[in-house]
Amino acid sequence: MKESRPSNTFRGLPLTSEQDSEIRHYIHIKERSGTPWDTPELAAMLADMLDPPELAAEERQSIDDSMRAEHATAREDADAELLSPESGQHAT
């Protein structure tokens with residue numbers, strides 16, 4: 001796969017290859033439909049790609065809490081499986 005560099009991406013912007021592909025696809029679709037492609041929508045896409053919005057502190061906390069709960073459940077399930085008589089193993 002070709003490495004993305006500002007010299008070979010859309011308007012020289014520091015985009016990943018996936019982002020560059022998404023932009024070029026958007027332009028292709030707009031050109032095929034005969035509509036202008038240099039739109040506020042494209043500008044917003046580029047702005048999000050170059051400076052993605054930060055998660056609010058409460059959203060980050062909610063995600064962290066959810067991940068902790070999932071990890072705890074997974075540990076409990078693994079411990080229960082190890083201790084179950086069907087597993088053929090016994091707790092020491």
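The structure displayed is predicted, hence computed values, not measured ones.
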Got a sec, which residues hit side chain to side chain contact (heavy atoms under 4.5 Å, CB included) with Leu50, two or more places apart in sequence or on another chain?
-> Leu13, Pro14, Leu15
Report whether Trp37 and Ile23 are members of the same hydrophobic cluster (ILVMFWY, side-chain heavy atoms less than 4.5 Å apart, transitive linking).
-> yes
Going by heavy atoms in the side chains, are Leu46 and Tyr26 under 4.5 Å from each other?
-> no
Please determine which of Arg24, Met49, Met45 meets the side chain to side chain contact (heavy atoms under 4.5 Å, CB included) test together with Gln19.
-> Met49
From NZ (Lys30) to CG (Leu42), nearest 0.5 Å | 9.5 Å
For Arg68, all residues meeting salt bridge (charged side-chain N to carboxylate O under 4.0 Å, His left out), sequence neighbours excluded = Asp65
Side chain to side chain contact (heavy atoms under 4.5 Å, CB included) partners for Ser33, two or more places apart | Thr35
